[in-house]
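Sequence lines set the chain letters: A, B, ... in the order given, protein chains first and strands last, and positions in each chain run from 1. It should be emphasised that the depicted structure is a prediction, and the values quoted were computed from it without experimental measurement.
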Amino acid sequence: MTTPILEVEDLTIRYRGAPQPAVQGASFTLGRERLGIVGESGSGKSTVGRALMRLLPTAEIGAARMQFGRTDLLTASERQMRALRGNRMSMILQDPKFSLNPIRRCGEQIAEACLAHERMSKRAAKDRALAMLEAVQIRDPQLVYDRYPHQVSGGMGQRIMIAMMLLAGPELVIADEPTSALDVTVRLEVLKILDGLVREKGIGLIMISHDLNLVRNFCDRVLIMYAGRVVETLDAAELDNARHPYTRGLLAAQPRIGGSRDPLPVLERRPEWTRPMEGTA
Amino acid sequence: MTTPLAIENLSMRFGAVTVLPDVSFEVAPGECFGLVGESGSGKSTILLCVSMLLSGWEGRIAIGGRAVRDMSLMERCRSLQMVFQDPYGSLHPRQSVRAALSEPVRIHRLGDVDARLEQVMTDVGLPVSFLDRYPHQLSGGQRQRVAIARALILEPSILLLDEPTSALDVSVQAEILNLLQRLRAEKGFTCLMVSHDLAVVDYMCDRFAVMQHGEITEILPRSAILPNAATHPYARQLIDASIAYENAM
């Protein structure tokens, strides 16, 4: 593996007032690769993503190490974090309807992001925004630039978000369920665009999802989380050979096209899954 | 046996926008019929029209040969029931499970409330002690079970399902799908299910209609999914995308 972009060791996150930590003892490294984090709702996968961006004002974040390039994310000041966010690390959220400003034109929002990160003229920012819209395969960038968010479809909105997030050339992109609000037919398109850009620019990608198919197809490695712990880490291609009963249970519970109609295997949860696993790769 | 659900020339407009131009299909007895298509294609609108939650439509919808428009509210509620997508939004937060389930029994004067409640809780696989819980004391899957119990307590002949599992995790989805399949085999009701997930449609449905812009492009049997036997370009695209999404590329 190339030099890691991100190293996390023994990450524990506890929301203020919560009896149990939301995430406990999570460790992973990320190179110039695509890492998937999967788990059910409440398993702590989004919390990990937000902790990396330090977007959890009401939580206590503790870790043995949380290093992003040369920055120590544990001790960085808010000022340092502001210089990082959107610039060297950015985040794509689930639903473009809620992440774009509804009363400003799409293109202006991208251009604003340019101006926030670099000193440049408005004209240059507009050109950058148009070029970025083209990079996410929008056929008529000028037309989309002048549209308001409610005038574009979900797939288009998510491409605009991707354009905005990749604009500053980040080293790390965290995508939190980037396509779950989209139709199946658009989902693949959007994922392919994201995938193409991430590969081309050598960005490290963390894809947070509950969808095993998506992670299998678009990631190199997968972390599986259960009740705030990482229960298993494995190569996406090896997902079918998962050893942990939780991962196997999740895979089996998924109905498949052309699959059998026998009752689907139901996950039997075991209390020992919440304890740290010893000696699994 | 009469057709449990027949829809003829259903059309629906919201102001100037025609949501459903002209929809016709029939569902066979005991069948589970799926409606798939992109968001905004009118799938859920059909369920709202069938259940008369929207009443401004034209055309004819009949359940067991009786037009739903001619049914009284009481008769309609006993003929059809609906399960919604979001179990967090479809149960009253300040009503206990007992209150939610006993209300329809009382309104329809069916008698022996307690026995019915116990029966329906057992049917959906929840402990009878859960009757005194409130929705916030239940998980998403348990809430959806309560929503199914509430729909089935009046023993309807038609069950309308609007994305019943898309707000749930795969592991919980499996439980709910198993439950629906088992109940359908036991009670013999007919289903009309909206879903965007073809794997779920393949698991649950016998036939399904692919919708686009309010029109049914094609009605296909379940067996047409894997070989992609669709002829309409949009239906082909949808099936292709779903298969590509599911298989490793």
Please name the pair of heavy atoms, one in [X] and one in [Y], separated by the smallest distance, quoted to 0.1 Å.
| X | Y | result |
| --- | --- | --- |
| B:V201 | A:R261 | O-NH2, 4.3 Å |
| B:Q173 | A:P255 | NE2-CD, 3.4 Å |
| A:N217 | B:A244 | ND2-O, 4.0 Å |
| A:A253 | B:A174 | O-CB, 3.5 Å |

Counting only heavy atoms closer than 4.5 Å, note whether B:L177 contacts chain A via side chain, backbone, both or neither.
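Side chain only.
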Can you tell me how far apart [atom1] ([X]) and [atom2] ([Y]) are? Round to the nearest 0.5 Å.
| X | Y | atom1 | atom2 | result |
| --- | --- | --- | --- | --- |
| A:I257 | B:N228 | CD1 | CG | 9.5 Å |
| B:S171 | A:L264 | OG | CG | 11.5 Å |
| B:D240 | A:L188 | CG | CG | 10.0 Å |

Among B:L168, B:V172, B:D202, single out the residue with the greatest number of heavy-atom pairs under 4.5 Å to chain A.
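The option with the most such pairs is B:D202.
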Tell me, with the steps shown, if A:R216 and B:E246 meet side-chain contact (heavy atoms from CB on, under 4.5 Å).
CA-CA 9 Å; A:R216 185 204 302 260; B:E246 190 175 290; over 6 Å; no
Take atom [atom1] in [X]; do more than 12 heavy atoms of anything else shown fall under 6.0 Å from it?
| X | atom1 | result |
| --- | --- | --- |
| A:R270 | CZ | no |
| B:R182 | CZ | yes |
| A:E268 | CD | no |
| B:R236 | CZ | yes |

Interface moiety of [X] toward chain B, non-hydrogen atoms closer than 4.5 Å:
| X | result |
| --- | --- |
| A:S260 | backbone |
| A:V266 | side chain |
| A:L182 | neither |

Any side-chain donor near an acceptor of the partner, A:T185 and B:Q237, under 3.5 Å:
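No, because no side-chain N or O of A:T185 sits under 3.5 Å from a partner of the opposite role on B:Q237.
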Residue pair B:Y203 / A:D262, side-chain donor-acceptor N/O under 3.5 Å:
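No pair is found: no donor N or O on one side chain lies under 3.5 Å from an acceptor on the other.
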When only pairs under 4.5 Å are counted, which of A:H210, A:E189, A:Q254 shares the most heavy-atom pairs with chain B?
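The answer is A:Q254.
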